[in-house]
Amino acid sequence: MKTENPSTQFEMWKKKKKPSKPDQRTKCQEVPKSVLKEKRLTLLVDLDQTLIDSQEDYDGPSSKDLFRIESKDSGHYTIKVRPSCREFLESMSKLYVLYMVTLATRKYALAILKHIDPEGRLFQGRVVTRGQLGDNYVKTKNLKKLFPLGLDYAAILDDRQDAWGDMTNVVQLKQYRFFEDGEDEPVLKNMERVLSQVHTIFYDHHELTGELFLVSDIVSKLRKNVLDGLKVAIIAKGKESSRAGVRRTLVRFGADVQKVVTPETTVALGLSNMKKMDVVRSSGVPVVSVKWLEAVLTMWKRPDFERFIVERSC
């Protein structure tokens with residue numbers, strides 16, 4: 001698949017969208033000083049399953065970037081740092097003001113930060129945890145209080161879109177589950193590419209026009225470009241609970257999700273129901289496993305179907 005470079009995308013968006021100007025902002029959404037003076041946007045970074053994975057009472061083999069933390073309120077955990085985590089944060093700190101935003105307890109988050117940001121240079125104390133967020137599941141409840149200037153010029157890196165409701169500036173990535181999968185994919189290197197592209201598009205546009213894009217518009221466009229033009233049918237038994245979440249992810253990444261397979265269907269995503277998959281496959285439509293969608297979250301690129309084809313049931 002041919003991928004547009006940032007300058008080409010900028011020209012395309014310039015024609016289609018009227019960017020927001022700083023003087024059109026309300027007082028509570030004024031432009032942070034770092035945006036114009038330092039040429040740094042804001043990046044809110046999740047912790048668990050984004051930068052690290054954790055497990056209680058782990059007694060398995062040792063591995064690189066694996067350590068233990070102990071605290072009265074958090075228990076005893078073995079922590080595995082995601083590959084390229086420190087390099088990723090170092091690179092992003094030059095382009096973004098970093099905030100850790102996690103639903104974990106503060107003691108737990110700070111104990112882990114001592115390992116991934118031992119000098120405190122990268123986050124500089126900008127850590128928002130469960131108590132400040134005011135919820136154990138979502139992160140949007142106290143955002144206006146925590147970020148009074150708003151998040152118009154912020155991107156969010158998180159493995160969970162649902163933690164942020166319908167916010168469109170979320171760069172969702174594949175969950176890191178080292179203790180379940182044992183995989184060490186270069187996911188953060190891909191996220192560095194995406195977030196660097198967001199930064200380039202934002203400031204290229206500002207330098208040429210003096211106007212400011214909303215970061216959410218840039219992230220949304222990059223995300224929708226991934227599966228734009230694909231017509232995807234989901235194969236599952238009945239009203240399988242996972243179908244709704246899969247559909248939402250496909251739509252966010254630009255796919256046209258179909259209720260049934262038609263002659264226009266590009267690919268079918270098989271969650272279950274092998275008999276139906278065989279029928280669809282016989283019609284000439286490729287059937288891929290859910291790992292194909294995981295690869296979308298891993299790469300933020302359109303994966304080849306061939307690597308994820310579901311074999312026939314007999």
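The analysis underlying the following values was restricted to heavy atoms, covering all of them including side chains, and did not include hydrogens, waters or symmetry mates.
With ring centers used as reference points, Y58 lies under 6.0 Å from F179.
With 3.5 Å as the limit, one finds no donor-acceptor pair spanning the side chains of Y176 and D48. Under the 3.5 Å distance criterion, with hydrogens and angles disregarded, no donor-acceptor pair is assigned to the side chains of R248 and Q161. For E192 and S91, the side-chain atoms include at least one donor-acceptor pair closer than 3.5 Å. When only modelled atom types and interatomic distance are considered, Q258 and T262 share a side-chain donor-acceptor pair under 3.5 Å.
Using a 4.0 Å cut-off between charged nitrogen and carboxylate oxygen, D162 and R160 count as a salt-bridge pair. A salt bridge links E207 with K39: at least one charged nitrogen is closer than 4.0 Å to a carboxylate oxygen. One finds no salt bridge joining K33 and E38 here, because no Lys/Arg side-chain nitrogen approaches an Asp/Glu carboxylate oxygen to under 4.0 Å. One finds a salt bridge joining D65 and R86 here, because a Lys/Arg side-chain nitrogen approaches an Asp/Glu carboxylate oxygen to under 4.0 Å. Salt bridge D256/K231: present, at least one basic N to carboxylate O contact under 4.0 Å. Remark: K139 engages D158 in a salt bridge, criterion side-chain N to carboxylate O under 4.0 Å.
Taking the six-membered ring where the residue is Trp, F202 and Y153 present perpendicular rings, their angle passing 60° and hence far from 30°.
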| Under the side-chain hydrogen bond (donor to acceptor under 3.5 Å, both in side chains) criterion, do Y108 and S54 qualify, and how do the steps go? | CA-CA 11 Å; Y108 172 89; S54 64; 3.2 Å; yes

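Listed by chain and number, the residues in a ring pair (Phe, Tyr, Trp, His ring centres under 6.0 Å) with W164 amount to none (sequence neighbours excluded).
A salt bridge (Lys or Arg N to Asp or Glu O under 4.0 Å) check over residues 115-126, counting only residues at least two apart or in different chains, returns the pairs E90-R121, E119-R121.
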